[in-house]
Structures are given as structure tokens and as C-alpha cells.
Amino acid sequence: MPELPEVETIRRGLAPHLEGRRIAHVTLNRPDLRLPFPTRLAERLEGARIGILGRRAKYLLVPLDTHETLVIHLGMSGRLLVLRPESAEAQGRFHHKIERLEQHDHMVIALDDGMRLIFNDPRRFGFVLLEPDATIETHPSLAGLGVEPLGNLFDAAYLLARFAGRRTPLKSALLDQSHIAGLGNIYVCEALHRAGLSPDRSAMLVKPREAERLVVAIRDVLNDALAAGGSSLKDYRHEDGSLGYFQHSFRVYDREGQPCPKTGCKSMVIRKTHAGRSTFFCPACQG
DNA sequence: AGGATACCCTGACCGC
DNA sequence: TGCGGTCAGGGTATCC
């Protein structure tokens with residue numbers, strides 16, 4: 001489920017429960033996810049106090065007073081839950097269909113106030129790193145990441161420079177984390193529609209004025225998603241990172257065959273694949 | 001070297 | 001109800 005807005009929403013949701021807490025106990029229920037768990041992960045975490053949560057692209061950063069940072073990537077199906085040990089919520093979780101989730105609770109971090117942070121991931125495309133603070137940015141997984149799309153370094157000039165000479169379709173270029181870090185398949189589709197640009201355009205052929213539109217569209221779609229996540233956060237009593245996407249805000253994603261939502265456009269959303277991933281777009285108003 | 005493809009894994013869904 | 005095929009929001013290894 002997680003692209004940048006979802007990971008950021010999870011970060012905000014987890015922060016009040018984790019920051020300042022000490023890790024009491026760590027349970028690993030298998031040796032690996034997509035990657036092996038770091039060596040001696042439990043011992044290195046236990047006793048550590050958690051600092052201010054951060055985020056880089058789709059990575060959640062959990063700094064510790066041991067001068068190491070726990071890095072969590074949720075992959076496609078990863079979820080983070082915070083549960084009270086004996087709460088009604090926990091009981092409900094067990095007695096309802098969600099009990100199946102426990103089957104994929106791969107890492108459980110018990111805090112000094114009794115709360116438990118649970119990393120659940122059915123597909124196990126997620127992974128966990130534990131690295132010294134000083135070398136986080138140079139870790140192979142993070143070293144090649146491009147700019148944050150909501151940061152000051154992201155603008156039309158940057159996009160044009162990165163796209164120069166790239167024949168790849170615009171859709172693929174936007175998904176490339178080495179250009180813009182944090183966009184995923186959904187928000188790329190949404191941003192292209194908002195900008196009125198075809199996913200099939202060669203990246204190198206995007207004009208300056210179009211790049212401006214694209215930057216605005218990307219920022220807007222991410223900020224809208226963050227606002228939606230933020231509003232749904234308020235409704236959570238036991239904090240739960242698994243907020244999901246704000247379904248109703250999608251204009252083209254997963255809407256194959258439905259009318260293009262752009263005012264005055266009478267065409268239909270179609271689907272095609274780029275580099276193995278589905279792209280949803282309007283062939284009429286995305287040129 | 002850049003760009004497309006295969007693959008990791010489980011679950012949901014659809015048509016038969 | 002079951003079975004097979006398809007698809008899924010990500011990242012990386014490996015090919016051309």
C-alpha cells in the first residue's frame with residue numbers, strides 16, 4: 001500500500017506512540033523478509049530509546065540513542081500496527097477475520113509502556129535495515145535516491161535536467177526512484193492526468209512549460225493524499241499505520257473503462273502497461 | 001549504459 | 001466449493 005504519502009501518514013501516526021519510548025523486547029518470527037533481518041537485530045534494538053521519526057522517500061527512519069537507525073520499507077503489502085497488549089482492539093483483532101494477519105506478523109517490537117509495534121507483511125517484499133546513523137544515506141538501498149518531490153530541490157529545471165537524453169516513456173521516468181524518490185504507480189498515473197501529459201511521451205521531449213505543470217501536479221496530488229491521510233488519522237483510536245490509500249480521490253487509477261473525470265472531456269480511461277506495470281490514463285486529454 | 005523484463009511472495013478476485 | 005489464471009500500491013538482478 002505505501003507510496004510517499006502513505007509512509008508519511010504512517011510516520012505521523014506512529015510518532016506519538018514511539019518517540020521517546022524505550023524498546024523492551026523484540027521478537028522475530030522468521031529469519032528474513034525480502035532481505036535477511038540485520039545480524040543480532042533484537043539485541044541491538046533492545047534497551048535503545050527511540051528518537052524523532054523520519055522519512056526518506058518510501059523509507060521510514062527510526063533513529064535510536066545507540067546511534068543506529070532502524071530503517072523500515074513496507075514493500076507492497078507491509079503494515080505497521082501499534083497495539084495495546086490487552087486492549088479491546090487487540091481482542092477484536094484476534095476474534096475477527098483479521099486474526100489471519102498474525103500469520104504474517106514477522107517482527108514485534110515491545111515498548112517500555114507495554115505497547116507493541118507490529119510489522120506485518122504477507123508478501124514479504126518489505127525489509128528492515130539497521131545501520132549507523134552516519135552511513136544511512138550511503139546504504140545501497142538509499143544511496144541512489146533522487147530528490148524528495150515535496151522538497152525545495154524539486155522543480156522544473158531539475159526535472160528537465162534529469163530527463164535530458166532519456167528516451168524512456170515519461171511514466172517510467174517518473175517511477176524511477178533515482179529521479180524523484182517516493183512516487184509509486186498510483187500517484188504517477190494521477191499526476192500525469194492532472195498535468196494533462198501522456199505516459200507515452202519520451203521523457204526527453206517534455207517541454208519546460210509542461211515540466212512546470214508536472215511539478216505542480218505531482219506536488220498537488222501528494223499534498224491531497226497527505227491531507228486525506230491526515231484526516232483519516234484522526235479517526236484512529238489505536239494507532240494503526242495501515243491507513244491505505246484514499247480510494248475516492250483517484251481520478252484515473254484503477255478506473256479503466258470509466259469516463260475521464262476532466263471537465264468537458266468525453267473520453268474514457270484506458271489501461272496499458274509500461275515496464276510491466278499498469279498505467280491508467282485518458283488518451284484524449286493527456287497529450 | 002540505458003531501458004525493458006523476470007522475479008521475489010501471498011492473497012484477492014474472476015470465470016468456469 | 002474448488003481450481004486455475006490474473007493481478008496487485010516495490011525494488012532489484014539480469015538480460016538485451
Side-chain angles (χ1 to χ4, degrees), chain A residues 1-10 29-37 55-60 71-80 97-106 119-129 139-146 149 162-193 199-205 218 221-222 224-226 228-229 241-257 271-281:
Chain A
M1 60 156 259
E3 298 182 32
L4 185 155
E6 289 71 35
V7 177
E8 176 61 19
T9 297
I10 289 165
N29 293 323
R30 54 175 298 120
D32 55 29
L33 296 174
R34 176 178 171 69
L35 303 174
F37 282 116
R55 179 191 56 76
R56 173 74 169 109
K58 304 169 190 172
Y59 294 82
L60 180 68
V71 182
I72 298 176
H73 194 292
L74 297 170
M76 296 268 259
S77 58
R79 292 161 174 257
L80 289 169
K97 63 184 175 188
I98 319 176
E99 81 182 81
R100 308 173 95 249
L101 282 179
E102 300 194 345
Q103 188 178 0
H104 302 295
D105 287 352
H106 305 306
F119 186 3
N120 179 285
D121 185 6
R123 290 175 77 179
R124 305 206 301 272
F125 287 177
F127 57 92
V128 166
L129 310 172
H139 186 279
S141 287
L142 287 85
L145 292 174
R162 295 293 305 194
F163 287 179
R166 307 290 176 140
R167 316 185 152 276
T168 195
L170 185 51
K171 161 74 186 312
S172 301
L174 292 175
L175 221 35
D176 185 335
Q177 302 295 296
S178 74
H179 300 317
I180 308 170
L183 290 185
N185 204 35
I186 289 182
Y187 295 120
V188 165
C189 293
E190 294 296 304
L192 283 170
H193 182 264
D200 289 321
R201 285 277 289 281
S202 181
M204 63 192 288
L205 297 182
I218 289 169
V221 75
L222 295 178
D224 286 356
L226 279 173
S242 59
L243 297 169
Y245 286 80
F246 190 63
Q247 296 291 338
H248 300 295
S249 69
F250 300 158
R251 298 183 188 179
V252 289
Y253 183 82
D254 205 19
R255 301 180 73 92
E256 183 181 16
R271 164 156 81 160
K272 92 177 246 189
T273 74
H274 294 90
R277 318 273 315 263
S278 287
T279 306
F280 298 87
F281 68 107

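Chain identifiers are assigned alphabetically (A, B, ...) following the order of the sequence lines, protein sequences preceding nucleic acid strands; residue numbering begins at 1 within each chain. Please read all numbers here as calculations on a predicted model, not as lab measurements.
- Searching all strands for a Watson-Crick or G-U wobble partner of B:dC9 with both distances below 3.5 Å returns nothing.
- Counting only distance, with no hydrogens or angles, the side chain of A:R123 and the backbone of A:G78 share no donor-acceptor pair below 3.5 Å.
- Checking the phosphate oxygens (OP1, OP2) of B:dG3, no side-chain nitrogen or oxygen of A:S172 falls inside 4.0 Å.
- We find that CD1 of A:I72 is positioned 17 Å from C1' of C:dG11, with the value rounded to whole Å.
- Between B:dT5 and C:dC7, the distance separating the two P atoms is 15 Å to the nearest Å.
- Among the protein residues, A:P169 comes within range of the sugar-phosphate backbone only, with heavy atoms under 4.0 Å from sugar or phosphate atoms but none that close to a base.
- Using atom P as the reference point in both B:dC9 and C:dT14, the two lie 15 Å apart (nearest Å).
- A:H179 has its ring centre less than 6.0 Å from the ring centre of A:F163.
- Taking only side-chain nitrogens and oxygens, A:T168 comes nearer than 4.0 Å to OP1 or OP2 of B:dA4.
- Whole-Å rounding puts the A:D176 CG to B:dT5 P distance at 15 Å.
- Atom CD1 in A:I10 sits roughly 13 Å away from atom P in C:dG10 (whole-Å rounding).
- Nearest to the side-chain atoms of A:R124 among the listed nucleotides C:dC7, B:dT10, C:dG10 stands B:dT10.
- Side chain of A:M76, nearest nucleotide from C:dG10, C:dG11, B:dT5: C:dG10.
- One can place CE of A:M204 at 19 Å from P of B:dA1, the figure rounded to the nearest angstrom.
- OP1 or OP2 of C:dA8 lies within a sub-4.0 Å distance of a side-chain N or O belonging to A:R271.
- Contact between the side-chain N/O atoms of A:H274 and the OP1/OP2 oxygens of B:dG3 is not found at any separation under 4.0 Å.
- A 6.0 Å sphere centred on CZ of A:R30 holds more than 12 heavy atoms belonging to other residues, nucleotides or ligands.
- The existence of a salt bridge linking A:D121 and A:R34 is excluded, since no basic side-chain nitrogen approaches an acidic carboxylate oxygen closer than 4.0 Å.
- With rounding to whole Å, A:L145 atom CG is found 13 Å from C:dT12 atom C1'.
- Between the side chain of A:R123 and the base of B:dC9, at least one donor-acceptor pair of N or O atoms lies under 3.5 Å.
- Proximity of the aromatic rings of A:F119 and A:H106 is defined here by a centroid distance below 6.0 angstrom, and this criterion is not met.
- Closest contact between the side chain of A:N185 and the listed nucleotides C:dG11, C:dG10, B:dT5 involves C:dG10.
- The separation between A:D121 atom CG and B:dC9 atom C1' is 9 Å, rounded to whole Å.
- Within the structure, a side-chain polar atom (N or O) of A:S141 is placed less than 4.0 Å from OP1 or OP2 of C:dT12.
- Picking from C:dC7, B:dG11, C:dG10 the nucleotide with the shortest atom distance to the side chain of A:P122 gives B:dG11.
- The OH atom of A:Y253 sits 6 Å away from the P atom of C:dA8 (whole-angstrom rounding).
- Taking 4.0 angstrom as the limit, A:R167 places none of its side-chain polar atoms (N or O) nearer than this to OP1 or OP2 of B:dG2.
- Atom-to-atom, CG of A:N120 to P of B:dG11 comes out at 10 Å; the value is rounded to the nearest Å.
- Taking the 5.5 Å centre cut-off and the 30° plane limit, the aromatic side chain of A:F125 is classed as stacked on C:dG10.
- Proximity of a side-chain donor or acceptor of A:E190 to a complementary backbone N or O of A:V252 within less than 3.5 Å is detected.
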